[in-house]
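Beneath this line is the structure, given in structure tokens, with notes to follow.
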Amino acid sequence: MADTWNTDTGEAVYRSRDAVKNLKEELVVGWQEKLFSQYEMELFQNEAACQTPLDCQYHTEVNALNKAKGRRNKRIFTYTDHDRYTQYLAFHQMVGCSPTFLAERMASLTHRRSDRRTVDCSIPKSKIINWEPTEEFVKSSRVVNNAMQTMHIMGDLGPPGRLGVRENECLLITIKTDGIGTIIVKPDFNKGKEPYRIVTEGEKREVWCLTVENVSTALKADEKHREQMMYKDLYVRHKDYLNSLVGQDFEMPPVGVLRYMVNGEIVSAKGFEYDNLYIHFFMELPNNWSSLSSQSLSGVTQICQTKTLGKENVAFFSYPFSFEAFYMCEKESEVPQWPVLYFKVLSVDFWQRYRTEGYGYLLFPAIPGKHIVTCHTWRPLQTGTVSALKRFFIGGSPELEDQSYVRIPGTFKGERLSRFGFHTETTGSVTFNLHCIQQASVYCLFSIFFSMPEAFQRARRRMQEARESLPRDLISATSQLQNESSA
């Protein structure tokens, strides 16, 4: 088949050097039926080329075909599951290189499937570790044998009169079956779609169209219904089996108690003065909050060197931590104060000199879900040259005696907190990745968790107190000005 063009009448005109009867070859191929290619016909004619008993069998069959009317196929031939070309065929077609031992085995084998059933681990079921494995043991332990049989239907796409060249062989269809009703066809049936296109290489790039159709007898209505009911029953049994593994016991907190769980990660820290950073952190539980005795409320990360990204020096910690606490609701109108994570960023140099790089805090989110939070830090600043020289040469810097001073000190009992005269310096920032989960027995308990944040309510309360402390004539004058401006 060669040049094609369209005329003004809309017809398609083709020019072919082959006979019209050769434009289509139709064969009925049975399972694992061997159809020899032209290359195999020439190869197995020579008895000296036979190396295995299968080759000798093919030699006998080829001689019988030559004495008879010859083979009934021309371009279409097959590779059965016993051919030595089968295991290499898919890899040569796709990758173009020789397969490794593992790839060769995986062509006809499947992965192991781990058994998810729980067993008594106190009794060894088998020899877990083989300290002196043999080569055959290593090869056989990689994968497990499968009863899949493979058959390849090939096509010789060489030009007429030059059939039998290995480079012109092309894989058309691969069929696999396990003997119990499962059949794998690659490529899939066209099912009314466009045919598959195969373009040959070389000077004359010929285009071949491949159509794969399923001509098997369709299932009857009652058989199809019976099969669907069988699959439905199978799915129900599998669902019951999974439910038996999970169980019906679902732990719930007592009524009026909120269970709050956080799976967090200290992602990174950036913008600090010195290198080799690490972070101390601890959780503070407000009133009506509690945790288990085994729960650790503090921790320290590893020492991490910084990496330059853009204009910032970033230390990537990727340090995970988990936190679980319980809140006891005493009054329905009470707005809970959420736990706080206080942290301190420090640096250490070659001489083991420690410096405080910054303080910060993280207020745990009131809304469950995933949260990415970046907290900015600061450190106390002692004015004067002596403090700067001390920090540079011998390490050390002013530190907070009470780390909760970063937010609101735990010992503070007044109404107003003044930090007048306290010198600080803004340093870097720390990024957290949080996954928060809330669990409660009573749904109405959540109504108080999605109310206004604590800081907003506190600001609103202070504004109300400030308004009440103003003189009445000033309040009335302000209200009058607001009414006039709105009018």
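Just so you know, residue 1 is the first one in the sequence shown, and it goes up from there. Everything numeric in this text was worked out from a predicted model, so none of it was measured.
- Contact of the P339 side chain with the F323 side chain is registered, since non-hydrogen atoms from C-beta on lie closer than 4.5 Å.
- Counting only heavy atoms from C-beta outward, the side chains of Q295 and E324 approach each other to under 4.5 Å.
- Between the CZ atom in R355 and the CD atom in E273 there is a gap of 8.0 Å [rounded to 0.5 Å].
- A donor-acceptor contact closer than 3.5 angstrom links the side chains of T174 and H152.
- Y319 and F281 have perpendicular rings, their planes meeting at more than 60° on a 0 to 90° scale where under 30° would count as parallel.
- From S298, atom OG reaches atom OH of Y342 across 15.0 Å, with rounding to the nearest 0.5 Å.
- Among V314, L277, N276, the one residue that satisfies the side-chain contact (heavy atoms from CB on, under 4.5 Å) test with T306 is L277.
- Between Q438 and A366, the shortest heavy-atom contact is NE2-O, 2.7 Å.
- T427 and E357 share no side-chain donor-acceptor pair at under 3.5 Å.
- Panel note: side chain D81, backbone Q149; no donor-acceptor pair is recorded below 3.5 Å.
- No side-chain heavy atom of V267 sits under 4.5 Å from any side-chain heavy atom of F432.
- Under the 3.5 Å distance criterion, the side-chain polar atoms of T78 are matched with a main-chain donor or acceptor of E33.
- For the atom pair L363 CG and C375 SG, the distance stands at 9.5 Å (nearest 0.5 Å).
- Annotation: Y405 is not in aromatic contact with F412 [ring centroid separation under 6.0 Å not met].
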request  = For the pair R259 and E251, evaluate side chain to side chain contact (heavy atoms under 4.5 Å, CB included) and give the outcome as yes or no after the intermediate values.
outcome  = CA-CA 11 Å; R259 187 178 186 179; E251 182 182 357; 3.7 Å; yes
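- The two residues T80 and Q32 have their closest heavy-atom pair at CB-OE1, 3.2 Å.
- Between L434 atom CG and N263 atom CG the span is 9.5 Å, to the nearest 0.5 Å.
- Salt-bridge check for K191 with E213: failed, with every basic side-chain N at 4.0 Å or more from each acidic carboxylate O.
- Other residues, nucleotides and ligands place no more than 12 heavy atoms under 6.0 Å from the CD atom of Q305.
- Rounding to the nearest 0.5 Å places CG of L346 at 9.0 Å from OG1 of T301.
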(Q) Checking Y327 against W289 for the ring pair (Phe, Tyr, Trp, His ring centres under 6.0 Å) test, could you report, in this order, the C-alpha distance in whole Å, the side-chain angles of both residues, the deciding distance, and whether it holds? (A) CA-CA 5 Å; Y327 174 75; W289 285 87; 5.1 Å; yes
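- Looking at Q403 and F282, their side chains come closer than 4.5 Å, going by heavy atoms from C-beta outward.
- Between the side chain of Q439 and the backbone N or O of P253, no donor-acceptor pair lies under 3.5 Å.
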Exercise for the section: Would you check, one step at a time, whether the test side chain to side chain contact (heavy atoms under 4.5 Å, CB included) holds for C304 with Y278? Expected result: CA-CA 6 Å; C304 184; Y278 67 100; over 6 Å; no
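- At least one donor-acceptor pair closer than 3.5 Å links the side chain of T377 to the backbone N or O of G428.
- Side chains of I173 and V212 form a contact here, defined as non-hydrogen atoms less than 4.5 Å apart.
- With respect to K270 and E312, no salt bridge is recorded, no charged nitrogen being found less than 4.0 Å from a carboxylate O.
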*Under the side chain to side chain contact (heavy atoms under 4.5 Å, CB included) criterion, do M261 and C436 qualify, and how do the steps go?*
CA-CA 6 Å; M261 292 168 286; C436 304; over 6 Å; no
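- Looking at T374 and S429, their side chains come closer than 4.5 Å, going by heavy atoms from C-beta outward.
- The CD atom of Q228 lies 13.5 Å from the CG atom of D233; values are rounded to the nearest 0.5 Å.
- Not a single donor-acceptor pair under 3.5 Å links the side chain of N190 to the backbone N or O of G192.
- With a 4.5 Å cut-off on side-chain heavy atoms, F422 and P380 count as touching.
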Check: After noting the C-alpha distance and the side-chain angles of L400 and V406, does the key distance pass the side chain to side chain contact (heavy atoms under 4.5 Å, CB included) rule?
Finding: CA-CA 9 Å; L400 295 179; V406 178; 3.8 Å; yes
| task | Please assess F343 against Y359 for the test ring pair (Phe, Tyr, Trp, His ring centres under 6.0 Å), listing each intermediate value before the final yes or no. | result | CA-CA 6 Å; F343 62 90; Y359 291 90; 9.1 Å; no
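- Looking at R226, K224, H225 one by one, the single match for side-chain contact (heavy atoms from CB on, under 4.5 Å) with D222 turns out to be R226.
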Between W208 and Y196, does a ring pair (Phe, Tyr, Trp, His ring centres under 6.0 Å) hold up when you go through it step by step?
CA-CA 8 Å; W208 297 77; Y196 298 104; over 10 Å; no
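- Under the 4.5 Å side-chain criterion, counting only non-hydrogen atoms from C-beta, L362 is not in contact with V340.
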